[in-house]
Participant: 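I have a structure I would like to understand better, so I am pasting it below and will then ask my questions one at a time.
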Amino acid sequence: MKKSKAKTKARKNETLHDLFVLKIRALYDVENQIMKALPKMAREATSEDLRSALEQHLRETEGQARRLERVFSLLKMSDRKSTRLNSSH
């Protein structure tokens, strides 16, 4: 029975790992979509305050994308878009 519990726990951990990877990929995709949209929004802003806020948001978003890239690196992911990992997971 211990083997069965160990296998169930391993599958649960694998599933949690897969979910984690899926979520950080989704976050990374969203950050990239925002980074594409913000420069255009800033150029078209009619208020200098709004333009400044959008530019600041772009800088923050770029930092968040870099942090997610670091997570990918720590997980040894070969490609942020693929579903395969270099690690044993």
Side-chain angles (χ1 to χ4, degrees):
M1 188 169 261
K2 284 186 181 182
K3 268 190 176 180
S4 179
K5 283 185 179 183
K7 284 183 181 181
T8 301
K9 187 174 180 179
R11 275 184 283 190
K12 183 177 178 182
N13 288 339
E14 185 175 305
T15 301
L16 290 175
H17 181 269
D18 292 345
L19 180 60
F20 175 70
V21 168
L22 180 68
K23 294 299 181 180
I24 62 170
R25 282 191 181 123
L27 288 170
Y28 187 74
D29 288 342
V30 168
E31 297 297 348
N32 278 296
Q33 290 173 16
I34 293 169
M35 287 189 299
K36 288 178 184 176
L38 283 173
K40 182 179 180 186
M41 293 170 66
R43 281 192 305 273
E44 295 179 5
T46 57
S47 155
E48 186 57 39
D49 287 342
L50 177 58
R51 182 183 343 269
S52 178
L54 291 168
E55 290 169 350
Q56 175 63 31
H57 188 48
L58 176 60
R59 288 188 295 274
E60 291 171 6
T61 302
E62 290 167 339
Q64 291 165 343
R66 282 191 300 274
R67 283 188 289 281
L68 288 169
E69 289 170 355
R70 177 76 176 126
V71 171
F72 293 133
S73 176
L74 291 170
L75 291 174
K76 298 180 173 111
M77 294 174 67
S78 62
D79 178 0
R80 288 180 286 277
K81 298 288 183 189
S82 76
T83 56
R84 295 184 179 195
L85 304 174
N86 282 340
S87 68
S88 62
H89 296 281

Participant: When hydrophobic residues are tied together by side-chain contacts of less than 4.5 Å, even through go-betweens, does Val30 share a cluster with Leu38?
Facilitator: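 Same cluster: Val30 reaches Leu38 through Ile, Leu, Val, Met, Phe, Trp or Tyr contacts under 4.5 Å.
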
Participant: Any chance you could measure Lys36, atom NZ, to Met41, atom CE, to the nearest 0.5 Å?
Facilitator: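 Reported value, rounded in 0.5 Å steps: 15.5 Å.
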
Participant: Taking atom CG of Asn32 and atom CG of Leu27, what is their separation to the nearest 0.5 Å?
Facilitator: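 So the CG of Asn32 and the CG of Leu27 are separated by 11.5 Å.
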
Participant: Applying side chain to side chain donor-acceptor pair (under 3.5 Å), can you list everything that pairs with Glu44, at least two apart in sequence or on another chain?
Facilitator: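 Partners of Glu44 under the side chain to side chain donor-acceptor pair (under 3.5 Å) test: none.
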
Participant: To the nearest 0.5 Å, how far apart are CG in Leu74 and CD in Glu69?
Facilitator: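 So the CG of Leu74 and the CD of Glu69 are separated by 12.0 Å.
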
Participant: Pair up each side-chain donor or acceptor in residues 58-65 with any protein partner under 3.5 Å, not counting sequence neighbours, and list the distances.
Facilitator:
| unit_1 | atom_1 | unit_2 | atom_2 | d |
| --- | --- | --- | --- | --- |
| Arg59 | NE | Gln56 | OE1 | 3.4 |
| Arg59 | NH2 | Gln56 | OE1 | 2.7 |
| Glu60 | OE2 | Gln56 | NE2 | 3.0 |
| Thr61 | OG1 | His57 | O | 2.8 |

Participant: From Arg66 CZ over to Tyr28 OH, what is the distance, rounded to the nearest 0.5 angstrom?
Facilitator: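 Taking CZ in Arg66 and OH in Tyr28, the distance rounds to 11.0 Å.
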
Participant: Considering residues at least two apart in sequence or located in another chain, which fulfil the side chain to side chain contact (heavy atoms under 4.5 Å, CB included) criterion with Ala45?
Facilitator: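 So Ala45 forms a side chain to side chain contact (heavy atoms under 4.5 Å, CB included) with Leu50, Arg51, Leu54.
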
Participant: Going hydrophobic residue to hydrophobic residue with side-chain gaps under 4.5 angstrom, can you get from Leu68 over to Met35?
Facilitator: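 No, it is not one cluster - the side chains of Leu68 and Met35 are not joined through contacts under 4.5 Å.
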
Participant: Going from CG on Asp29 to CD on Glu31, what distance comes out if it is rounded to the nearest 0.5 angstrom?
Facilitator: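 Result: 10.0 Å between the selected atoms.
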
